[in-house]
Amino acid sequence: MTTLSTVLGPLELSCPVLAASGTFGFGEEYSSMLDLSELGGVVVKGLTLEPRWGNPPPRVVETPAGMLNAIGLQNPGLEGFLEREMPRLRHCGTAVIVNINGETEEEFAVLARELSSVEGLAALELNVSCPNVPLGGITFGSSTPILQKLLKKVRPLCRLPLLVKLSPNVTDIAGLARVCRDEGADAVSLINTLKGMVIDTAAKTPLLGNKTGGLSGPAIRPVAVRMVYEVFQEVNIPIIGMGGIMSTEDALQFFMAGARAVAVGTANFVEPRIMPQIISGLRAYLEEEDLEDIGSVIGAAHRET
Amino acid sequence: MQAEAIVRKLEKVAEDIIYLKLEEKSIAQLALPGQFLHIRIGRGVAPLLRRPFSIAGASPEEKAFSILFRVSGEGTRLMSGLRPGDRMDCLGPLGRGFHTAPLKGAALMVAGGIGIAPLLFLAQHLLGAGHKLVFFYGAPSAGEMVCLERFLFNGAETWLATEDGSAGRRGTVVDLLEGFFLEGRISGSVFACGPRPMLKALQEKNEQWKMPLKFSLEERMACGVGACQGCVVASSPDFMGWGARQYHRVCLEGPVFDAGEVLL
């Protein structure tokens, strides 16, 4: 009997495929099209302490084999989330991970502290990599001293498994992952979107309301796989890999690069049932290869042949 | 819901505008005027995202429905090469359509260009229910107009406007409609779809006309089901209800809005 269960420090998942933050709302929109309990977990839409209205439209635009988004963290805030979303999420049958965002260290700290006592959450994902907000976001994830200071404040307050979502818009991602490990984070999520721009040549202006946006989709997959490979090689910390996964084959690349779990984002928009499809594909792969668990694939690309 | 529809017919009905008839039983049964389909083009990664199309008509008896599209980019160029028998992966019907009952007076349909699509479907419903209907249809030129008689067998009173004067009155469709209102020739509920500047003009003029006005909006879309918050439109300052949301999702709260709900 093969198993897809995976362990990221204190976080145990029955299946290594998660829905990536921002692409799956609070799980409700897709619940009529797939059974959430089939998934390893859902990382819900980025949450801030206070409600956020997000950026002016247009917020999305397609690009070659990808898309740019600049939603700007539109969300109902902590109170709205706990009142309106959490009662349903608690019974959705899968691990619920909350992606948290702050403009200040204090906001992150309050969110971590408050959410730690909420029943029914599996983990928190510290978002230090949003490219679409003027304050906070990527600022916290671009320099090792700033990230270190944030983690020193947040980690002791967070009683749930703590993941840190890192940005590819940096020169040394392994250095940032090392800070996460040293400060007690349980895993890193690699990668958030790459900052990009599309210009509307007729209007002679950037197309997105926010001017810039985050690039996702298959276009960024090789960058993401390389970063997972690099962090796996240099830092001993569990990795959740993501970036343009659209098939079982794509997911396997991330596992072989060293990810212990993967997240699917943009592909959900294209094919709402893509995650269950990838999960059955992984099961079939393990059976074909006569492997007992997904663990035997993790990091396979690093082994000497 | 997600379903594979089969291409039945592809026909050029105006300059760069193609009528596509598809067969899929459930969609044909469920579709309501104003709703849209989120269609995947091909199976590859370019084009990547689905494209939203207003439903232009549906017939449960024929198990068929139709869309209109303008060939304007890579996705629609590929679609123009579809052949009968080809399959299309459709998500839908999605979104909130036109809620029409109860109607006071005539239904005044105001369409700009390809925006005629959802109004053809609405007209099909309203004519079937015996409503009086008047069409106001504008486009840059006559060549870019879809022939209404082709879609509406019962016929409907139709007034045209073109920017170059090649059909109907020269000018915009909003100016045309305004003429009717100023002369007191007409009143009723207004249903509109077209380019954003047209809808904005209509919304502004309606401050004086004070007619019930609903319009269908178009916005760049990713998921189509409300998850990504990509396709938003600002809510009007008077409409800060639940959660004081400042944006509505066009895919979920729309694509049809009351004129008072949104700030264009």
Side-chain angles (χ1 to χ4, degrees), chain A residues 19 22-34 44-46 51-77 79-80 83-84 207-209 213 216-219 221 244 246-247 250 265-273, chain B residues 1-4 30 38-52 72-76 89-95 196 217-235 237 240 242-254 262-264:
Chain A
T23 65
F24 216 68
F26 292 107
E28 191 176 17
E29 291 81 3
Y30 285 106
S31 58
S32 66
M33 286 177 269
L34 55 91
V44 298
K45 174 73 188 160
R52 289 276 195 102
W53 313 128
N55 290 324
R59 290 177 171 184
V60 292
V61 59
E62 180 157 337
T63 58
M67 63 177 284
L68 285 179
N69 88 78
I71 310 300
L73 294 176
Q74 181 175 340
N75 81 91
E79 209 175 297
E83 271 174 29
R84 292 195 292 271
L207 189 144
L208 293 174
S216 64
R221 191 192 311 132
M246 296 204 64
S247 68
D250 299 343
T266 303
N268 293 315
F269 305 155
V270 180
E271 174 48 65
R273 293 199 44 81
Chain B
M1 61 164 283
Q2 191 174 8
E4 289 258 305
L30 294 170
H38 213 26
I39 298 181
R40 185 168 185 191
I41 302 162
R43 294 273 182 262
V45 298
L48 179 68
L49 298 173
R50 289 170 181 269
R51 303 285 194 274
S72 61
E74 180 62 12
T76 46
D89 175 352
C90 301
L91 213 58
L94 299 171
R196 197 58 74 88
L217 296 182
E218 191 172 41
E219 186 52 76
R220 284 169 190 276
M221 218 172 257
C223 75
V225 296
C228 75
Q229 316 272 8
C231 61
V232 297
V233 58
S235 55
M240 301 276 272
W242 171 87
R245 187 176 9 184
Q246 259 194 337
Y247 289 106
H248 296 293
R249 290 166 289 188
V250 170
C251 69
L252 202 69
E253 280 87 38
V262 295
L263 188 68
L264 297 182

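Convention: sequence-line order gives letters A, B, ...; per-chain numbering from 1.
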Trainee: To the closest 0.5 Å, what do you measure between CD (B/Gln229) and OG1 (A/Thr23)?
Mentor: 12.0 Å
Trainee: When rounded to the nearest 0.5 angstrom, what is the spacing between CZ in A/Phe24 and SG in B/Cys228?
Mentor: 12.5 Å
Trainee: So do the side chains of A/Pro56 and B/Tyr247 get within less than 4.5 Å of each other, counting heavy atoms only?
Mentor: yes
Trainee: For B/Ala46 and A/Ala65, which heavy atoms make the closest approach, and how far apart are they?
Mentor: CB-N, 4.4 Å
Trainee: Using non-hydrogen atoms only, which part of B/Ala222 is less than 4.5 Å away from chain A: side chain, backbone, both, or neither?
Mentor: both
Trainee: Using 0.5 Å steps for rounding, measure from the CE atom of A/Met67 to the CG atom of B/Leu48.
Mentor: 8.5 Å
Trainee: Less than 4.5 Å to any heavy atom of chain B: does that hold for the side chain of A/Phe26, its backbone, both, or neither?
Mentor: neither
Trainee: Under 4.5 Å from any heavy atom of chain B, what part of A/Leu208 do you find: side chain, backbone, both or neither?
Mentor: neither
Trainee: So does A/Arg59 get a backbone contact from the side chain of B/Arg220, meaning a donor-acceptor N/O pair under 3.5 Å?
Mentor: no
Trainee: Please determine whether the number of non-hydrogen atoms from other residues, nucleotides or ligands lying under 6.0 Å from atom CD of B/Glu74 exceeds 12.
Mentor: yes
Trainee: Name the region of B/Glu219, side chain, backbone, both or neither, that has any atom closer than 4.5 Å to a heavy atom of chain A.
Mentor: side chain
Trainee: Which region of A/Pro58, side chain (C-beta onward) or backbone (N, CA, C, O), has a non-hydrogen atom less than 4.5 Å from a non-hydrogen atom of chain B, or is it both or neither?
Mentor: both
Trainee: Taking side chain as everything from C-beta outward and backbone as N, CA, C, O, which of these in B/Met1 sits under 4.5 Å from a heavy atom of chain A? Side chain, backbone, both or neither.
Mentor: neither
Trainee: Test: salt bridge (Lys or Arg N to Asp or Glu O under 4.0 Å). Region: residues 40-52 of chain B. Which pairs qualify, not counting sequence neighbours?
Mentor: A/Glu62-B/Arg51, B/Glu4-B/Arg43, B/Arg50-B/Asp89
Trainee: What verdict does the side chain to side chain contact (heavy atoms under 4.5 Å, CB included) test give for A/Glu29 and B/Arg249, after you've listed the backbone C-alpha separation in whole Å, the side-chain angles of each residue and the deciding distance to 0.1 Å?
Mentor: CA-CA 12 Å; A/Glu29 291 81 3; B/Arg249 290 166 289 188; 3.5 Å; yes
Trainee: Against chain B, work out which of A/Pro57, A/Ala70, A/Gly54 has the most heavy-atom pairs shorter than 4.5 Å and name it.
Mentor: A/Pro57
Trainee: Of the backbone (N, CA, C, O) and the side chain (C-beta and beyond), which part of A/Asn55 lies under 4.5 Å from a heavy atom of chain B, both, or neither?
Mentor: backbone
Trainee: To the closest 0.5 Å, what do you measure between CZ (A/Phe269) and NE2 (B/His38)?
Mentor: 9.0 Å
Trainee: Looking only at side chains, do B/Gln2 and A/Glu271 share a donor and an acceptor under 3.5 Å apart?
Mentor: yes
Trainee: Only counting residues at least two apart or in another chain, list the ones meeting salt bridge (Lys or Arg N to Asp or Glu O under 4.0 Å) with A/Arg273.
Mentor: none
Trainee: Looking at chain A, which one of B/Val232, B/Leu91, B/Leu252, B/Val45 has the largest number of heavy-atom pairs inside 4.5 Å, strictly under?
Mentor: B/Val232
